[in-house]
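Report on the following structure.
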Protein chains: 2
Amino acid sequence: MSTDLLTDETCGLRERKKRETRRALNLAALDLVEEKGFSAVTTEEIAARAGVSARTFFNYFPSKEAAVIGTTGEELESYAAQLEEVRDGESPIGALRRILAGMLAPASIDRELRTRRRRILLGEPSLAPALVGNNIRIENALTAALERRLGVAPGSALEPRITVAVAIAAVRACIEHQQNGGSGDLESNIDAAFARIAVGLG
Amino acid sequence: MSTDLLTDETCGLRERKKRETRRALNLAALDLVEEKGFSAVTTEEIAARAGVSARTFFNYFPSKEAAVIGTTGEELESYAAQLEEVRDGESPIGALRRILAGMLAPASIDRELRTRRRRILLGEPSLAPALVGNNIRIENALTAALERRLGVAPGSALEPRITVAVAIAAVRACIEHQQNGGSGDLESNIDAAFARIAVGLG
DNA sequence: GCCGATTGTGCAGTCACTGCAAAATTGCAG
DNA sequence: CTGCAATTTTGCAGTGACTGCACAATCGGC
């Protein structure tokens with residue numbers, strides 16, 4: 001399931017147009033936030049720049065924040081799939097480190113978009129609540145995937161949820177540390193954080 | 001600084017009235033949410049039940065969510081103070097376990113309020129984003145306190161922020177596990193989670 | 001009782017977000 | 001190509017969160 005996330009052609013005109021519109025709204029939102037800051041942007045402006053009506057905006061995103069953050073259900077599925085596929089010698093926490101770091105790194109495809117997204121999201125403190133809210137979705141998706149990987153019934157065991165939550169928290173803490181002008185670069189800080197977690201905080 | 005949080009009397013009439021109004025708004029919000037669910041409650045209703053004007057509501061809380069969650073700056077200071085005070089033989093993570101568990105437990109004073117709060121907050125999934133947003137404030141306060149306790153400059157070291165973030169994430173994961181009908185009671189799950197963290201997730 | 005400062009309130013306005021029904025577009029069968 | 005059904009877009013009207021502002025009420029100290 002989920003081959004590429006972008007070249008993925010279930011292509012009727014309809015599906016393609018929907019993808020384009022969604023993307024156009026996302027890009028318009030990022031543009032405008034970059035120009036004027038999140039709170040100064042209105043949903044009408046975003047819709048206008050994307051070339052659709054104000055009402056249509058809300059057919060694609062449930063809120064202004066969501067349009068800026070722009071995480072799709074497909075992306076969630078992709079992360080979950082990555083976690084389910086077992087690489088030999090890789091622990092769950094190691095896989096989580098890889099996947100979460102990958103979410104931040106500029107991917108091979110869509111390089112500029114990822115980079116821009118990251119810069120804008122990190123630069124807008126007013127989006128912080130929405131971002132951690134978005135993490136809930138990621139956490140749920142990854143928890144379900146880890147449960148499948150471990151072969152336990154959904155919601156039965158505490159451990160998978162703890163593992164995922166701690167991993168996400170570690171990454172988030174590194175981001176926050178960076179936003180506050182802390183030392184070190186993000187990559188190596190994430191490495192350090194996961195090393196610390198693996199060995200125990202006691 | 002901060003003796004009791006409730007009996008604390010900087011008592012002029014003014015200060016007392018402000019506390020009363022704040023509390024009245026908070027209680028009214030909890031009442032109404034319990035009766036009709038969060039999204040069906042309006043800020044006007046809350047203000048009306050608390051006996052103040054609609055405009056005054058926003059002099060006390062920046063949003064509807066905040067009125068329900070109701071964490072005060074004083075509470076944050078109190079938690080921070082608890083973390084700063086060193087008990088012999090207690091590690092930072094141990095102190096965090098104690099403090100965070102204490103936030104959920106019905107306190108000696110204000111027992112019913114705490115219990116109600118907890119029940120309502122846990123029962124309203126639509127408040128989840130706001131709750132994790134609120135956690136940011138707690139995380140920042142606790143991180144600053146831990147930095148002082150360890151004697152490092154604010155924002156310089158990565159470690160304190162990681163420790164706090166992971167501790168909060170662990171508690172949050174236990175709550176979520178409970179909301180999803182997971183096994184075990186909250187108390188013992190939190191114990192298990194912190195034991196797991198202390199020994200390492202690797 | 002009076003004055004300066006803080007707090008409460010009404011008003012007008014902006015904007016996020018929603019339901020609904022009509023219009024436009026697309027996919028498909030004949 | 002053409003009409004039909006399903007999907008999507010759009011306009012409209014409305015609700016409610018939230019804000020700035022000016023003014024009234026209240027409080028604390030003299």
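Letters A, B, ... mirror the listed sequences (proteins, then strands); counts begin at 1.
The distance from atom CD of A:Glu45 to atom P of C:dT14 is 14 Å, rounded to the nearest whole Å. Rounded to an integer number of Å, the gap from B:Phe58 CZ to D:dA17 P is 6 Å. In this structure, B:Glu15 places its CD atom 12 Å from P of C:dT6, rounding to the nearest Å. Between the CG atom of B:Asn59 and the C1' atom of C:dG10 there is a distance of 12 Å, rounded to whole Å. Note: CZ (B:Phe38) to P (D:dG16) measures 13 Å, nearest angstrom. In this entry the distance linking CG of B:Leu25 with C1' of D:dC18 reads 15 Å, nearest Å. One can place NZ of A:Lys18 at 14 Å from P of D:dT10, the figure rounded to the nearest angstrom. Whole-Å rounding puts the B:Arg55 CZ to D:dT19 P distance at 8 Å.
The side chain of A:Tyr60 sits closest to D:dT9 out of C:dG19, D:dT9, D:dC21. Of the listed nucleotides (D:dT26, D:dT9, D:dG16), D:dT26 has the atom at the smallest distance from the side chain of B:Arg14. Distances from the side chain of B:Val52 to the nucleotides C:dA16, D:dA17, C:dT9 place C:dT9 closest.
Between B:Gly51 and A:Thr43, the residue anchored closer to the 5' end of DNA chain C is B:Gly51, taking for each the nucleotide with the nearest heavy atom.
Separating the CG atom in B:Leu146 from the CD atom in B:Glu159 is a distance of 8.5 Å, to the nearest 0.5 Å.
If you check the side chains of A:Arg22 and A:Asn59, you find no donor sitting under 3.5 Å from an acceptor. Between A:Asn26 and A:Arg23, the side chains place no donor N or O within less than 3.5 Å of an acceptor N or O (distance only, hydrogens not considered).
Using a 4.0 Å heavy-atom cutoff across all strands shown, B:Phe57 reaches no nucleic acid atom at all. Residue-level contact check: A:Phe61 touches neither bases nor backbone, having no heavy atom under 4.0 Å from any strand.
A sub-4.0 Å separation between OP1 or OP2 of C:dC15 and a side-chain N or O of A:Thr42 is absent. Between D:dT9 and A:Ser53, no contact under 4.0 Å exists linking OP1 or OP2 to a side-chain N or O. In this structure, A:Lys17 reaches the C:dT26 phosphate: one of its side-chain N or O atoms is under 4.0 Å from OP1 or OP2.
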Could you go through the side chain to side chain contact (heavy atoms under 4.5 Å, CB included) check for B:Arg119 and B:Glu34 one step at a time? CA-CA 9 Å; B:Arg119 182 163 33 86; B:Glu34 200 169 17; 2.6 Å; yes
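Between B:Leu121 and the options B:Ile175, B:Leu104, B:Val68, B:Asn134, a side chain to side chain contact (heavy atoms under 4.5 Å, CB included) holds for only B:Val68.
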